[in-house]
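We count residues from 1, following the sequence as given. Bear in mind the structure is a predicted one, so any value in this text is a computation, not a measurement.
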Amino acid sequence: DVQLQASGGGLVQAGGSLRISCAVSGFTFDNYAIGWFRQAPGKEREGVSCLSTSDGSTYYHDSVKGRFTISSDNAKNTVYLQMNSLKPEDTAVYYCAADQDAIVLVTTCRDFLYDNWGQGTLVTVSS
């Protein structure tokens with residue numbers, strides 16, 4: 001049974017940093033694509049960053065390039081999203097998702113390609 005548990009959200013001032021985590025279980029961690037997605041009020045869910053645990057390839061949405069970093073700790077079966085220089089427009093519920101690794105899952109980072117989802121964690125950036 002694939003399970004994902006997101007944590008680490010909270011309230012932060014603009015310009016600040018936050019790291020959110022996604023603990024995964026129920027599958028072979030080193031052969032999966034794992035992504036972070038977010039949904040702001042009134043907006044569609046969008047792919048923020050995706051990672052292949054097989055080869056380490058990554059994708060970043062243009063809006064977060066240079067500010068966010070996705071990483072994984074295979075020993076802990078955990079994926080992190082380090083978020084720096086946060087902006088009010090980063091405010092959203094952040095979800096992690098996983099599926100068997102395939103190039104398209106990482107290069108496009110589209111939510112409909114992922115079948116396994118965790119609950120969200122709320123990130124609020126105040127101005």
Side-chain angles (χ1 to χ4, degrees):
D1 219 27
V2 177
Q3 293 188 345
L4 300 98
Q5 180 76 35
S7 63
L11 174 64
V12 63
Q13 287 188 331
S17 297
L18 201 62
R19 188 179 77 164
I20 54 179
S21 303
C22 178
V24 303
S25 61
F27 60 86
T28 305
F29 188 77
D30 60 356
N31 193 32
Y32 262 70
I34 300 179
W36 283 103
F37 301 83
R38 67 186 179 187
Q39 188 165 22
K43 294 188 177 181
E44 292 187 354
R45 188 165 56 190
E46 64 180 1
V48 176
S49 183
C50 291
L51 167 77
S52 165
T53 62
S54 303
D55 63 13
S57 57
T58 58
Y59 161 94
Y60 294 96
H61 192 277
D62 284 347
S63 66
V64 306
K65 284 180 180 177
R67 300 188 298 122
F68 290 10
T69 302
I70 191 170
S71 63
S72 67
D73 184 335
N74 289 20
K76 295 183 178 179
N77 283 13
T78 301
V79 174
Y80 304 98
L81 187 67
Q82 177 67 43
M83 304 182 291
N84 299 329
S85 302
L86 282 161
K87 304 175 181 180
E89 51 264 44
D90 294 318
T91 295
V93 177
Y94 283 71
Y95 300 89
C96 58
D99 214 313
Q100 290 190 342
D101 199 3
I103 293 175
V104 67
L105 268 70
V106 177
T107 57
T108 65
C109 203
R110 298 295 301 275
D111 58 352
F112 65 85
L113 294 173
Y114 288 77
D115 286 338
N116 305 289
W117 290 81
Q119 91 297 351
T121 186
L122 177 62
V123 173
T124 304
V125 184
S126 63
S127 57

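- Across all non-hydrogen atoms, the minimal contact from Leu86 to Met83 is CD2-CB, 3.7 Å.
- Taking the side chain as every heavy atom from C-beta outward, Trp36 and Leu51 never approach each other to under 4.5 Å.
- Under a 3.5 Å cut-off, the side chain of Ser72 and the backbone N or O of Thr53 do not form any donor-acceptor pair.
- In this structure, Gln82 and Ser71 have side chains that are not in contact, with every pair of non-hydrogen atoms separated by 4.5 Å or more.
- Ion pairing between Lys65 and Asp62 holds under the 4.0 Å rule for side-chain N and carboxylate O.
- Panel note: side chain Asp99, backbone Asp115; a donor-acceptor pair is recorded below 3.5 Å.
- Looking only at side-chain heavy atoms (C-beta outward), Gln100 and Phe27 stay at 4.5 Å or farther from each other.
- For the residue pair Thr78 / Asp73, no side-chain donor-acceptor distance below 3.5 Å is found, with atom types taken as modelled.
- Residue Asp111 holds its CG atom at 8.5 Å from CD of Gln39, rounded to the nearest 0.5 Å.
- One hydrophobic cluster, built from ILVMFWY side chains closer than 4.5 Å, holds both Val64 and Leu81.
- Geometrically, Arg19 engages Tyr80 in a cation-pi contact, judged by NZ or CZ lying under 6.0 Å from the ring centre and within 45° of the ring axis.
- With a 4.5 Å cut-off on side-chain heavy atoms, Val24 and Val79 do not count as touching.
- Through direct or relayed side-chain contacts under 4.5 Å between Ile, Leu, Val, Met, Phe, Trp and Tyr, Val104 connects to Phe37, Val93, Tyr95, Leu105, Phe112, Leu113, Tyr114, Trp117, Leu122.
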**OP:** Assess whether side-chain contact (heavy atoms from CB on, under 4.5 Å) is satisfied between Asn77 and Ser25, documenting all intermediate values.
**Re:** CA-CA 7 Å; Asn77 283 13; Ser25 61; 5.6 Å; no
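- Summarising the geometry, atom NE2 belonging to His61 is positioned 11.0 Å from atom SG belonging to Cys50; distances are rounded to the nearest 0.5 Å.
- Listed for the Ser49 side chain is a donor-acceptor partner under 3.5 Å among the backbone atoms of Tyr59.
- Residues passing the salt bridge (Lys or Arg N to Asp or Glu O under 4.0 Å) test with Glu89: none are found, sequence neighbours excluded.
- Nearest approach of Leu4 to Cys22, heavy atoms of both residues: CD2-SG, 3.7 Å.
- Between the side chain of Asn116 and the backbone N or O of Ala98 there is at least one donor-acceptor pair closer than 3.5 Å.
- At least one donor-acceptor pair closer than 3.5 Å links the side chain of Ser52 to the backbone N or O of Ser54.
- Side chains of Gln119 and Gln5 form a contact here, defined as non-hydrogen atoms less than 4.5 Å apart.
- When all heavy atoms of Ser127 and Pro88 are compared, the closest pair comes out as CB-CG, 3.8 Å.
- Listed for the Tyr60 side chain is no donor-acceptor partner under 3.5 Å among the backbone atoms of Arg67.
- With a 4.5 Å cut-off on side-chain heavy atoms, Val123 and Ile20 count as touching.
- Thr121 places none of its side-chain heavy atoms less than 4.5 Å from the side chain of Ser7.
- Here the side chains of Asp101 and Val106 are in contact, with some heavy-atom distance below 4.5 Å.
- Nearest heavy-atom pair across Phe68 and Val48 is CD2-CG1, 3.7 Å.
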